[in-house]
Amino acid sequence: MIKKNSRIFVAGHKGLVGSAILRKLKEKGYSKILTVEKSKLDLTDQKKVHNFLKKNKPHFIFIAAAKVGGIFSNNKYKADFIYNNLSIQLNIIDSAHKCGIKNLIFLGSSCVYPRECKQPIKESYLLNGKLEKTNDAYAIAKIAGIKMCESYNEQYKTNYKCLMPTNTYGPNDNYDDLNSHFIPALIKKIHRLKVKNSLNLKIWGDGSPMREVIYVDDLADACVFFMNKKTNENLINIGTGIDYSIKDYAKIISKIILPSKKINIVFDKTKPNGTPRKVMDISIAKKYGWKPKSVFKKSIIETYNSFLKEVND
Ligand SMILES: NC(=O)c1ccc[n+]([C@@H]2O[C@H](COP(=O)([O-])OP(=O)(O)OC[C@H]3O[C@@H](n4cnc5c(N)ncnc54)[C@H](OP(=O)(O)O)[C@@H]3O)[C@@H](O)[C@H]2O)c1
């Protein structure tokens with residue numbers, strides 16, 4: 001159980017998820033939060049990571065540092081994805097154990113489940129089938145992290161949990177044209193329509209694929225909740241358990257960004273749809289009393305407001 005004066009290390013505190021965990025911890029009144037700039041501590045450097053943990057001895061670690069990206073970069077920079085992710089998690093998890101740090105949360109991802117997974121996705125489906133080819137290097141690294149936590153728990157009686165978030169959005173997201181996930185990509189595209197005074201929103205595929213998303217504040221809430229919770233399971237899905245079509249997301253976000261306009265959605269059917277449906281079974285998380293609290297429209301408004309600040313910075 002995290003005490004108000006426990007030392008807590010948030011790795012990757014400037015990213016989408018890490019910054020939300022930091023906000024959540026501050027909101028809950030935890031006072032001894034450790035963060036370190038990437039320029040001062042490159043987490044792929046084993047010796048430096050070990051020295052940092054030995055010196056600072058946090059009681060709890062959240063690993064929100066990772067190399068993360070969309071389909072394009074996952075596919076094009078596989079070596080960077082596998083090397084960076086394996087190194088970061090290997091260094092933090094092993095040094096945490098060697099420094100006697102018993103509590104840690106590692107983040108996996110819904111996209112490391114097999115490509116042709118039965119829906120909704122249960123935790124037990126991990127390694128049940130072939131991975132999606134475009135992100136297999138990233139997925140193998142994440143699965144290694146999951147197995148590492150499991151193995152250290154078994155052998156060394158540590159409490160290293162893996163949360164498996166679905167597609168996440170919120171403040172501090174990545175809006176890079178080639179590298180972003182679909183919610184930030186939609187926000188940016190619709191914002192551009194507003195700037196250009198255009199009404200034609202072009203989206204890939206026919207808009208029918210069903211996707212689940214989670215607001216980053218809910219994910220951060222789950223991270224703190226499960227750090228404080230004794231669980232029998234080591235792997236826990238974090239999502240909403242509810243999915244909507246890409247077309248529905250496009251309509252809702254358009255109404256928020258361009259409230260008085262009637263958007264014309266143009267479907268580029270020459271582009272692939274991807275998996276028809278992707279949604280998590282979150283019954284294990286619910287069994288322990290956790291559920292998401294955010295309302296989609298309100299969360300998109302908050303995300304859009306922070307996008308406007310980020311693009312103006
Ligand atoms: N975003 C999603 O939709 C999603 C969904 C499921 C799971 N997740 C998981 O959640 C975790 C966090 O993702 P995110 O979306 O918050 O990613 P993010 O916004 O890219 O944040 C990752 C953070 O890690 C830092 N980092 C990367 N390499 C580092 C290194 N060698 N040393 C120190 N810091 C380093 C990054 O710093 P720089 O920016 O300076 O490189 C960045 O601040 C990841 O494990 C990811 O797999 C995310």
Side-chain angles (χ1 to χ4, degrees), residues 9-24 34-49 52-53 61-71 73-74 77 80-93 95 104-113 121 132 135 137-146 148-149 161-176 179-187 211-220 222-223 235-240 278-280 282 292 299 303 306 310:
F9 174 40
V10 182
H13 69 289
K14 289 207 161 158
L16 169 67
V17 181
S19 61
I21 295 175
L22 195 60
R23 285 197 299 279
K24 183 63 68 185
L34 294 163
T35 56
V36 58
E37 300 292 320
K38 187 178 168 186
S39 56
K40 296 217 173 86
L41 178 63
D42 178 348
L43 295 164
T44 62
D45 186 324
Q46 189 173 28
K47 201 160 182 215
K48 284 191 181 158
V49 170
F52 174 83
L53 292 180
I61 302 177
F62 293 92
I63 311 182
K67 181 152 184 65
V68 181
I71 297 182
S73 52
N74 259 290
Y77 306 111
D80 297 348
F81 273 82
I82 198 160
Y83 173 77
N84 282 283
N85 286 311
L86 280 174
S87 309
I88 292 171
Q89 63 208 38
L90 188 82
N91 294 342
I92 301 181
I93 296 169
S95 288
L104 175 153
I105 295 243
F106 171 68
L107 293 167
S109 169
S110 60
C111 67
V112 313
Y113 283 111
I121 306 171
E132 160 62 39
N135 73 352
Y138 172 79
I140 290 282
K142 286 282 176 194
I143 294 168
I146 295 164
M148 222 178 144
C149 291
K161 285 193 195 99
C162 306
L163 300 187
M164 297 288 263
T166 190
N167 225 311
T168 308
Y169 68 95
N172 291 326
D173 212 335
N174 178 353
Y175 292 95
D176 185 87
N179 214 3
S180 57
H181 292 113
F182 85 92
I183 292 281
L186 275 176
I187 290 178
R211 294 288 181 268
E212 174 195 20
V213 296
I214 189 168
Y215 189 45
V216 75
D217 285 7
D218 282 330
L219 172 55
C223 289
L235 189 64
I236 303 175
N237 286 345
I238 302 297
T240 60
K278 228 177 127 193
V279 63
M280 305 260 253
I282 58 162
S299 309
T303 306
S306 89
E310 285 160 40

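Numbers here simply count residues along the sequence, with the first being 1. First listed ligand is number 1; within each ligand, the first listed atom is number 1.
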Tabulate distances under 3.5 Å between N/O atoms of ligand 1 and N/O atoms of the protein, writing both atom names on each line.
residue: ligand 1; atom: 3 (O); partner: Thr168; partner atom: N; Å: 2.8
residue: ligand 1; atom: 3 (O); partner: Thr168; partner atom: O; Å: 3.4
residue: ligand 1; atom: 16 (O); partner: Leu16; partner atom: N; Å: 3.2
residue: ligand 1; atom: 16 (O); partner: Val17; partner atom: N; Å: 2.7
residue: ligand 1; atom: 19 (O); partner: Leu16; partner atom: N; Å: 2.9
residue: ligand 1; atom: 24 (O); partner: Ala66; partner atom: N; Å: 3.4
residue: ligand 1; atom: 31 (N); partner: Asp42; partner atom: OD1; Å: 2.9
residue: ligand 1; atom: 32 (N); partner: Leu43; partner atom: N; Å: 3.0
residue: ligand 1; atom: 41 (O); partner: Lys38; partner atom: NZ; Å: 2.8
residue: ligand 1; atom: 43 (O); partner: Gly15; partner atom: N; Å: 3.2
residue: ligand 1; atom: 45 (O); partner: Lys142; partner atom: NZ; Å: 2.6
residue: ligand 1; atom: 47 (O); partner: Tyr138; partner atom: OH; Å: 2.5
residue: ligand 1; atom: 47 (O); partner: Lys142; partner atom: NZ; Å: 3.2

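- Under the 4.5 Å side-chain criterion, counting only non-hydrogen atoms from C-beta, Tyr138 is not in contact with Ile82.
- Note that OH of Tyr113 is 10.0 Å distant from CD1 of Ile143, once rounded to the nearest 0.5 Å.
- Judged by distance alone, the side chains of Ser73 and Asn179 do bring a donor and an acceptor atom under 3.5 Å apart.
- Side chains of Asn172 and Ser19: a donor on one and an acceptor on the other come within 3.5 Å.
- Partners of Lys48 by side chain to side chain contact (heavy atoms under 4.5 Å, CB included), not counting sequence neighbours, listed by chain and number: Leu41, Asp45.
- The shortest non-hydrogen separation linking Cys149 to Phe106 is SG-CB, 3.9 Å.
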